[in-house]
Student: 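Handing you this structure, nothing more for now.
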There are 2 protein chains.
Amino acid sequence: MSKLTPIVPCTTCPIRHSAVCAECDSDELAMLSAIKSYRTVPAGAPLASAGETLEHFSSIVTGCATMSRTLEDGRRQTVGLLLPSDYIGRPGRAQAAFDVEALSEVTLCRFERRAFEKLLRDTPHVASRLLKMTLDELDAARDWAVVLGRMTAREKVATFLVSLARRQMAVALGDPIGGPVTMHLPLSREAMADHLGLTIETTSRQMTALRKDGLIELPTTRDIRIPDFGALALEAGDDGDGGLIV
Amino acid sequence: MSKLTPIVPCTTCPIRHSAVCAECDSDELAMLSAIKSYRTVPAGAPLASAGETLEHFSSIVTGCATMSRTLEDGRRQTVGLLLPSDYIGRPGRAQAAFDVEALSEVTLCRFERRAFEKLLRDTPHVASRLLKMTLDELDAARDWAVVLGRMTAREKVATFLVSLARRQMAVALGDPIGGPVTMHLPLSREAMADHLGLTIETTSRQMTALRKDGLIELPTTRDIRIPDFGALALEAGDDGDGGLIV
DNA sequence: CGGTTCATTGAGCCACATCAAGAAGTGTGG
DNA sequence: CCACACTTCTTGATGTGGCTCAATGAACCG
């Protein structure tokens, strides 16, 4: 289900400057390296299950995962989309609060929970970085509540595409304002629907509607081109004055 | 709009064991006391405005507030209900991400932002407590996403009442399982609707429906009695196996 | 080339929103 | 203490956005 991956030096790690280790100096990186291990799992693999123990704190190095909860009757809501540098697990608690599932092949940089908790106490740069990331995640989760609670299906889909494009561009180094953007959709229509609090049919219909309105192009169902990023952002109700952050 | 409140010693503070100071020893409390100040604001007063500067980090000592965002066209979504020991503001950023408004008279224990950031660096017990509280808030925000995205109006209202009762009981010391509960509703129907992603009419109708079904009693519109807490929890889709946390 | 999975599209319905009117509670001034 | 205004809550009537059910289409794969 998962395979061990050779350990690479932190200096060449793609998330060196955005993960929990971002603020670390070389001495601290050495401490991290001493206890880290990598793990790679295929698309579809579970990375955590709500209520079950989770003995590692992991950062996503490459790939994409969802965090979700499923109610007893099968209704599912995704509560977070995890991209490189996002973390899974929490210090001080061995029990996972949500299901986490790999959407693509995912490579994790992992620390055994106890060892990571010790690290938090010993290396202030890790603790402060984790606090900052958690505060950012909290803001993002609250922003998403506005989407789920108050937006129409069309706004939800447009907001999702815009925020996904922003995050992908943050990793790469594109110009975030205006012009055309091309990207791969890491989520199926069903995963998008679960994230947006919609059904798969409504999600599909809104994608079609946005396409017919010329706001997006769909060379394949999993690839999207946004000819005018600003126009789509407007559709998302994002007037650029700092409404949403996600 | 706000009035200065006499400073009381931390040892008699009602949130001494649940706020950011919870883990502090007496020496650390002395450091906090040296820079804290109190402020009391009347119901309805704004405690923060999205996009504007917020030069204090504050804990709610008594009272109740909402954190919300309003879209340009007037749609509003509450993203957090703040009760005693919850905090307002964030270290490392002077700009508020959301509006915060007092629902009742609120007394705050405040720290000037820069001084609090220094405190975070110098007193590990404050930093670790803040991290733990933020992780808890993040879990709660994600739990709430499930409510907003996937629950029916009836389930939303029941879930809200159950979680409010749980939080109030946590402050007091009631038995959380089973039996009857009586509490004051700190929110108007409109504030409830904004929190639940519903209209005020639907919220009112669901309250009436729960009353007619014998699940709640409403001696006044702002006071509620839950004759059988377990029955209402069931209505909320909470089977007690650790679904929701909020 | 059939089987399987995923996405799209259509038809009809229903939960919740919207629009509108009362009712109940709250405060103010005479 | 009452009269009046005002706000909040409740209830009713109607509309509609998104859900449900159902079928078809497209991509992938052995």
Side-chain angles (χ1 to χ4, degrees), chain A residues 42-44 66 71 73-78 101 103-104 147-161 184-213 216-224 235 237, chain B residues 42-44 66 71 73-77 101 103-105 147-161 184-213 216-224 235 237:
Chain A
T66 54
L71 303 179
D73 60 4
R75 285 176 287 178
R76 176 161 45 179
Q77 177 65 47
T78 294
E101 185 183 328
L103 287 179
S104 62
V147 176
L148 291 176
R150 292 301 184 195
M151 286 194 177
T152 64
R154 184 182 176 96
E155 288 170 327
K156 283 178 175 183
V157 171
T159 299
F160 169 72
L161 294 174
H184 182 73
L185 288 177
L187 289 75
S188 66
R189 294 291 184 272
E190 183 175 24
M192 282 178 60
D194 286 341
H195 194 216
L196 298 169
L198 299 171
T199 59
I200 185 173
E201 295 95 331
T202 297
T203 304
S204 180
R205 272 186 253 269
Q206 296 302 331
M207 290 288 282
T208 303
L210 290 174
R211 179 173 56 72
K212 286 186 175 164
D213 291 346
I216 61 174
E217 294 160 23
L218 294 167
T220 78
T221 55
R222 285 296 195 101
D223 287 283
I224 184 170
E235 208 65 33
Chain B
T66 55
L71 303 179
D73 60 4
R75 286 176 287 178
R76 175 161 47 177
Q77 177 65 47
E101 185 183 329
L103 286 179
S104 61
E105 181 176 275
V147 176
L148 291 176
R150 292 301 185 197
M151 286 194 177
T152 64
R154 184 183 176 94
E155 289 170 326
K156 284 179 176 182
V157 171
T159 299
F160 169 72
L161 295 175
H184 182 73
L185 288 177
L187 288 75
S188 66
R189 295 290 185 273
E190 183 176 25
M192 280 178 59
D194 286 341
H195 194 216
L196 297 169
L198 299 172
T199 59
I200 186 174
E201 295 95 331
T202 297
T203 304
S204 180
R205 273 187 250 268
Q206 295 302 331
M207 290 289 281
T208 302
L210 290 175
R211 179 171 57 72
K212 288 187 174 163
D213 291 347
I216 61 174
E217 295 160 23
L218 294 166
T220 77
T221 56
R222 285 295 195 101
D223 287 284
I224 184 172
E235 208 65 34

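Heavy-atom basis, side chains included; hydrogens, waters and symmetry copies ignored. So that the names make sense, note that chain A is the first sequence line, chain B the second, and so on, each numbered from 1.
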Student: Mind checking side-chain hydrogen bond (donor to acceptor under 3.5 Å, both in side chains) for B/Arg75 and listing every partner two or more places apart, or none if nothing turns up?
Tutor: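 Scan of B/Arg75 (side-chain hydrogen bond (donor to acceptor under 3.5 Å, both in side chains), adjacent residues dropped) gives A/Glu155, B/Asp73.
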Student: Which heavy atom in B/Ala43 sits nearest to a heavy atom in B/Leu103, and how many Å separate them?
Tutor: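 What the structure gives for the nearest pair is CB-O, 3.5 Å.
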Student: Roughly how many Å is it from CG in B/Leu218 to P in D/dT8, rounded to a whole number?
Tutor: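 One finds 18 Å between P of D/dT8 and CG of B/Leu218, rounded.
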Student: For nucleotides 13-30 of chain D, just jot down a letter per nucleotide in 5' to 3' order: B, S or -, based on protein non-hydrogen atoms under 4.0 Å.
Tutor: B----SBBB---------
Student: Compute the angle between the rotation axes at the two ends of the helix from C/dC1-D/dG30 to C/dG30-D/dC1, each taken over five pairs, rounded to 10 degrees.
Tutor: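 Overall, the helix from C/dC1-D/dG30 to C/dG30-D/dC1 bends by 30° from one end axis to the other.
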Student: Whole angstroms only, please: what is the CG-C1' distance between B/Leu210 and D/dT11?
Tutor: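 Rounded to the whole Å, the gap is 16 Å.
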Student: Using the salt bridge (charged side-chain N to carboxylate O under 4.0 Å, His left out) criterion, which residues pair with A/Asp213? Sequence neighbours excluded.
Tutor: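 Listed in chain order: A/Arg154.
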Student: Side chains of residues 197-209 of chain A: which donor-acceptor pairs under 3.5 Å do they make with residues two or more places apart or in other chains?
Tutor:
from     : atom 1 : to       : atom 2 : distance (Å)
A/Thr199 : OG1    : A/Thr202 : N      : 3.2
A/Thr199 : OG1    : A/Thr202 : OG1    : 3.1
A/Thr203 : OG1    : A/Thr199 : O      : 2.9
A/Thr208 : OG1    : A/Ser204 : O      : 3.0

Student: Rounded at 0.5 Å granularity, tell me how far OG1 in A/Thr66 sits from CG in A/Leu187.
Tutor: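 The CG atom of A/Leu187 is 7.0 Å from OG1 of A/Thr66, to the nearest 0.5 Å.
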Student: For B/Glu217, what residues pass the salt bridge (charged side-chain N to carboxylate O under 4.0 Å, His left out) criterion, not counting sequence neighbours?
Tutor: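 B/Glu217 satisfies salt bridge (charged side-chain N to carboxylate O under 4.0 Å, His left out) with B/Arg225 once adjacent residues are dropped.
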Student: Without decimals, in angstroms, what is the distance between A/Glu190 CD and C/dT8 C1'?
Tutor: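 Whole-Å distance recorded here is 15 Å.
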Student: Between C1' on C/dC6 and CG on A/Leu187, what's the gap in Å once rounded to a whole number?
Tutor: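 Interatomic distance, CG of A/Leu187 to C1' of C/dC6: 14 Å.
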Student: Whole angstroms only, please: what is the CD1-P distance between B/Ile200 and C/dA17?
Tutor: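 For the pair B/Ile200 CD1 and C/dA17 P, the rounded distance is 12 Å.
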Student: Let me know the distance between CG of B/Leu196 and P of C/dC16, rounded to the nearest Å.
Tutor: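 After rounding, the gap between these two atoms is 12 Å.
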Student: Counting only side-chain N and O atoms of B/Thr208, is one of them less than 4.0 Å from OP1 or OP2 of D/dT11?
Tutor: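 Yes.
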Student: Rounded to the nearest Å, what distance is computed from the CZ atom of residue B/Arg222 to the P atom of nucleotide D/dT7?
Tutor: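 For the pair B/Arg222 CZ and D/dT7 P, the rounded distance is 16 Å.
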Student: Got a sec, which residues hit salt bridge (charged side-chain N to carboxylate O under 4.0 Å, His left out) with B/Arg76, two or more places apart in sequence or on another chain?
Tutor: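 For B/Arg76, the residues satisfying salt bridge (charged side-chain N to carboxylate O under 4.0 Å, His left out) (neighbours in sequence not counted) are B/Asp194.
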Student: Could you work out, with side chain to side chain contact (heavy atoms under 4.5 Å, CB included) as the rule, every residue matching A/Thr221, not counting sequence neighbours?
Tutor: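 Here the qualifying residues are A/Arg189.
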Student: Calculate the interatomic distance between B/Leu103 atom CG and D/dT8 atom P; express it in whole Å.
Tutor: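 Whole-Å distance recorded here is 13 Å.
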Student: If we only count heavy atoms from C-beta on, is the A/Leu161 to A/Leu210 side-chain gap below 4.5 Å?
Tutor: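 In contact.
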